[in-house]
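These notes concern the structure reproduced below.
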Amino acid sequence: APLTGFMREGALLQALHFNSILIDPFDDTGAKDLLTSPTDWNDYTTRARQRTSLSVPIVLPITSYTKDAIEAAADEGAVALVDKDGRTLGVLRNPEVYANRKEEIVTRCFGAIDPSHPYQAHIYSGGDYLVGGEIEVFERITYNDGLDKWRLTPKELYDQFKAKNADVVFAFQTRNPTHAGHAYLMRTGRERLLAQGYTNPILWLSPLGGWTKSDDVPLDVRVKQHQAILDEKMLDPDWTVMGIWPSPMIYAGPTEVQFHALSRKAGGASFFVVGRDAAGIKGSVDAVWNPDDDMYDANHARYVLQMSPVLEDAQMRLLSFDKFYYDKSDHQMKAMDPARPDDFISISGSKMRALARQGAVPCTDPIPSDLLAANCVPQGFMVPTGWAIVCDYYQHKDEVGKWVPWSKSVYAPPVAPGAVASGQYGTTDYALFLPASTTTGVQTSPWHDVPLMAGAHFNMVTEIPMHTTAKMEVAKDRFYNPIMQDEKNGAPRYYGYGVPFFNYGMLPQTWEDPALTSPEGFGGDDDPLDIMELGDDPLLMGSVTPVAILGSLELIDEGETDHKILAIRATDPRAAYAYTTPADIEAHFPGKLAKLVDWLVRYKTAEGKGENVLANNNEPLSAAAAIAIIDECHVSWTGLVSTPSAAQTAEYWLGVDK
């Protein structure tokens with residue numbers, strides 16, 4: 001594999017314009033460090049001799065917020081790589097930050113512009129910068145989703161191939177359930193290799209484990225279905241190794257298929273099975289050219305792969321197949337016999353999905369021409385257990401949290417002692433309940449039951465611990481107001497602007513009343529007061545922490561006042577100082593105020609929205625003014641819970657049924 005991290009700008013340009021990069025592994029021309037050194041635009045002499053295929057960008061998008069943080073710590077020479085749950089996975093050495101030229105990437109990689117193409121949309125939603133550099137991972141990455149045993153490293157794959165006495169390996173990539181047609185390709189591919197003189201060809205059944213579009217079959221369904229076809233011998237387990245490959249699917253047709261073949265070569269395969277329309281996708285109605293039709297000709301990917309640099313060193317070859325059909329006479333999938341075309345039927349993906357939704361049963365002879373009307377699936381089309389897995393998915397595909405769409409870590413975050421979690425973290429059904437009262441045994445609401453004051457300090461309930469990106473918040477409408485993840489279009493929300501450097505939460509027994517308008521003329525945002533704690537390490541989700549008030553920033557968010565109270569935990573020595581001006585905050589928290597302003601103004605830009613506005617010329621109010629806001633919102637909360645309107649009683653859970 002030519003890369004040891006995310007692409008620097010020079011490597012990206014080569015990949016975009018040549019579908020390949022130059023390497024000099026033995027330093028024949030003095031270019032050994034070409035890919036691992038910062039791109040030098042004034043070096044017109046260093047050039048490696050050896051070219052290797054690399055057709056897709058392997059890049060890490062970042063926002064201006066992260067760019068500024070990297071540049072401010074340039075002397076460190078490394079960047080921590082943190083996942084969405086706040087865990088540090090590794091470091092990126094000697095970072096190179098450069099512009100994310102999204103249109104250049106899209107046009108060169110995809111050869112077509114379609115704003116609704118799922119991966120093009122993903123590219124455009126990324127930050128305006130990229131960071132390249134070499135990666136050091138601290139430990140093996142696991143996902144704890146029940147599928148880790150199938151995630152094999154290249155070395156582990158090699159060991160399994162060797163254990164089966166392989167003299168050649170051929171790879172078959174999947175992102176769909178395997179049916180008799182796919183099995184036909186794999187068995188026939190093996191027969192071709194035996195005919196070429198190989199004695200024990202081993203199949204690498206290689207489901208994609210990375211990101212796939214939302215209507216693709218989830219990873220766990222595919223893997224379990226693949227295991228069923230091995231258990232029931234549609235494929236022979238004696239000559240098959242199943243190993244999840246971590247790559248995403250980007251649906252880039254001829255460009256992408258080269259990458260998939262190359263990566264399987266790096267994993268030990270010498271042959272790659274390829275059919276029609278590899279990595280293809282239907283263009284959306286928004287496509288610039290040929291809308292609502294195939295983005296690529298079905299023959300192009302296979303042809304381009306045959307002519308690509310992937311095959312130039314003769315270490316990778318293709319097993320190419322054309323379209324196949326179901327033969328009603330012997331219940332097998334195969335190429336059509338032109339002498340008896342009436343014996344063959346085509347079973348499209350859309351028809352298979354419809355049959356699965358209907359729970360179709362095996363057909364009896366003669367096979368009907370209208371499978372959907374007969375609600376039957378042809379004999380031998382899929383093994384019984386595998387078909388049951390597919391039917392279960394299509395009949396329950398909308399159930400939240402039931403499926404693993406692609407490789408996403410399953411994680412149970414640390415929470416406050418005694419807090420009780422329900423559901424899986426990272427899904428919209430996750431709920432964290434505060435501990436029940438030790439005196440009454442009654443469940444505690446973080447909004448209504450936790451007191452606002454803790455002696456001379458205020459209580460903060462932590463919703464989003466520092467360094468985590470899941471947008472957690474107290475659910476105003478649920479019984480006992482658990483902490484749950486905010487959602488958008490049914491999917492859990494995450495901050496995409498960067499890694500939060502603060503703890504985020506709410507002040508109990510407060511409410512920003514929409515009927516009370518600020519001097520700028522905006523009503524409250526109808527939520528408890530938000531609070532941002534500027535300590536040095538994370539607070540536990542659901543924890544109640546006494547804090548000292550530093551000030552307040554007033555965010556104008558979509559026409560509503562959304563105060564952000566600034567605080568520091570009472571145990572921090574900085575809590576003892578007086579905070580009357582912005583300079584006081586800057587003196588004790590150097591640089592943090594500017595970062596807070598940047599975050600609050602720009603964090604929604606990562607979601608494709610415009611910038612927010614802060615009142616008071618982006619400057620915080622004093623601690624005394626912030627406390628006055630808290631007092632006012634406490635009075636509003638008192639009125640809310642004592643004399644709620646009928647609409648408010650229906651909208652909020654106010655603890656009235658205790």
Side-chain angles (χ1 to χ4, degrees), residues 63-76 452-460 462 464 466-467 495 497-507 510 512 518-520 522 524-525 529-539 545-557 561-605 611-634:
T63 63
S64 59
Y65 164 81
T66 303
K67 169 183 175 288
D68 291 345
I70 292 172
E71 292 176 346
D75 292 343
E76 301 294 333
L452 175 60
M453 301 301 297
H457 297 106
F458 292 85
N459 277 324
M460 168 186 175
T462 297
I464 306 173
M466 181 185 297
H467 303 151
Y495 288 120
Y497 190 52
V499 179
F501 60 94
F502 45 81
N503 292 291
Y504 194 91
M506 50 84 71
L507 284 163
T510 63
E512 294 203 65
S518 67
E520 292 76 21
F522 300 104
D525 72 347
L529 270 174
D530 295 325
I531 184 166
M532 306 172 81
E533 195 272 337
L534 306 184
D536 296 328
D537 49 42
L539 298 171
T545 306
V547 297
I549 304 302
L550 307 175
S552 176
L553 289 164
E554 183 181 334
L555 179 69
I556 309 302
D557 186 0
T561 298
D562 186 5
H563 290 287
K564 306 297 181 183
I565 305 298
L566 309 181
I568 183 67
R569 64 197 73 178
T571 55
D572 191 299
R574 292 169 289 187
Y577 295 99
Y579 294 90
T580 58
T581 68
D584 296 326
I585 298 177
E586 181 64 25
H588 299 292
F589 301 89
K592 292 235 175 141
L593 195 53
K595 290 178 68 177
L596 281 170
V597 169
D598 176 82
W599 176 278
L600 292 172
V601 169
R602 293 184 50 80
Y603 79 93
K604 286 189 176 180
T605 60
E611 293 187 355
N612 291 320
V613 175
L614 289 175
N616 199 36
N617 294 318
N618 292 349
E619 291 196 346
L621 302 176
S622 67
I627 291 172
I629 293 169
I630 297 171
D631 291 341
E632 179 183 68
C633 290
H634 179 61

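- Between Ala570 and Ala575, the shortest heavy-atom contact is O-CB, 3.9 Å.
- Within the model, atoms CD1 of Ile630 and CG of Leu507 stand 5.0 Å from one another, a figure rounded to the nearest 0.5 Å.
- Relative orientation of the Tyr504 and Tyr495 rings is perpendicular, given thresholds of 30° and 60° on the angle between their planes.
- In terms of heavy atoms, Val499 sits closest to Tyr65 at O-OH, 2.9 Å.
- Between the side chain of Thr510 and the backbone N or O of Leu529 there is at least one donor-acceptor pair closer than 3.5 Å.
- When every heavy atom of Pro538 is checked against every heavy atom of His467, the shortest pair comes out as CG-ND1, 4.2 Å.
- Using cut-offs of 30° and 60° on the angle between ring planes, the pair Trp599 and Tyr603 is parallel.
- Thr561 and Ser518 make their closest contact through OG1-OG, 3.5 Å (heavy atoms, listed as atom of the first residue, atom of the second, distance).
- With hydrogens and angles disregarded, a donor-acceptor distance shorter than 3.5 Å links the side chain of Asp572 to the backbone of Arg574.
- Side-chain N or O atoms of Asn503 include one that pairs as donor or acceptor with a backbone N or O of Met466 at under 3.5 Å.
- For the pair Lys564 and Asp557, the salt-bridge criterion is not met [side-chain N within less than 4.0 Å of a carboxylate O].
- The environment of CZ in Phe501 is crowded: more than 12 heavy-atom neighbours from other residues, nucleotides or ligands sit within 6.0 Å.
- Proximity of Ile585 to Pro620: side-chain heavy atoms (C-beta onward) are separated by under 4.5 Å at one or more points.
- No side-chain donor-acceptor contact under 3.5 Å links Glu554 to the backbone of Asn616.
- Checking side-chain atoms of Asn612 against main-chain N and O of Leu600 turns up a donor-acceptor pair under 3.5 Å.
- A 4.5 Å side-chain heavy-atom check between Ile565 and Phe458 finds every atom pair outside the cut-off.
- In this structure, His588 and Ile568 have side chains that are not in contact, with every pair of non-hydrogen atoms separated by 4.5 Å or more.
- With rounding to the nearest 0.5 angstrom, the OH atom of Tyr497 is 3.5 Å from the CG atom of Asp598.
- Counting only distance, with no hydrogens or angles, the side chain of Asp584 and the backbone of Thr581 share a donor-acceptor pair below 3.5 Å.
- Between Leu593 and Leu566 the shortest side-chain heavy-atom distance falls below 4.5 Å.
- By the 4.5 Å heavy-atom criterion applied to side chains, Glu533 and Thr545 are not counted as neighbours.
- Looking only at side-chain heavy atoms (C-beta outward), Leu555 and His563 stay at 4.5 Å or farther from each other.
- Minimum heavy-atom separation, Glu586 to Gly591: OE2-N, 2.9 Å.
- Going from atom OG of Ser622 over to atom CD1 of Ile627 covers 8.5 Å, rounded to the nearest 0.5 Å.
- Residue Gly535 comes nearest to Arg569 through the heavy atom pair CA-NH2, 3.7 Å, listed as atom of the first residue, atom of the second, then distance.
- Taken from CD in Glu512 to CZ in Phe522, the straight-line distance is 13.5 Å, to the nearest 0.5 Å.
- In this structure, Ile549 CD1 and Met460 CE are separated by 10.0 Å, a value rounded to the nearest 0.5 Å.
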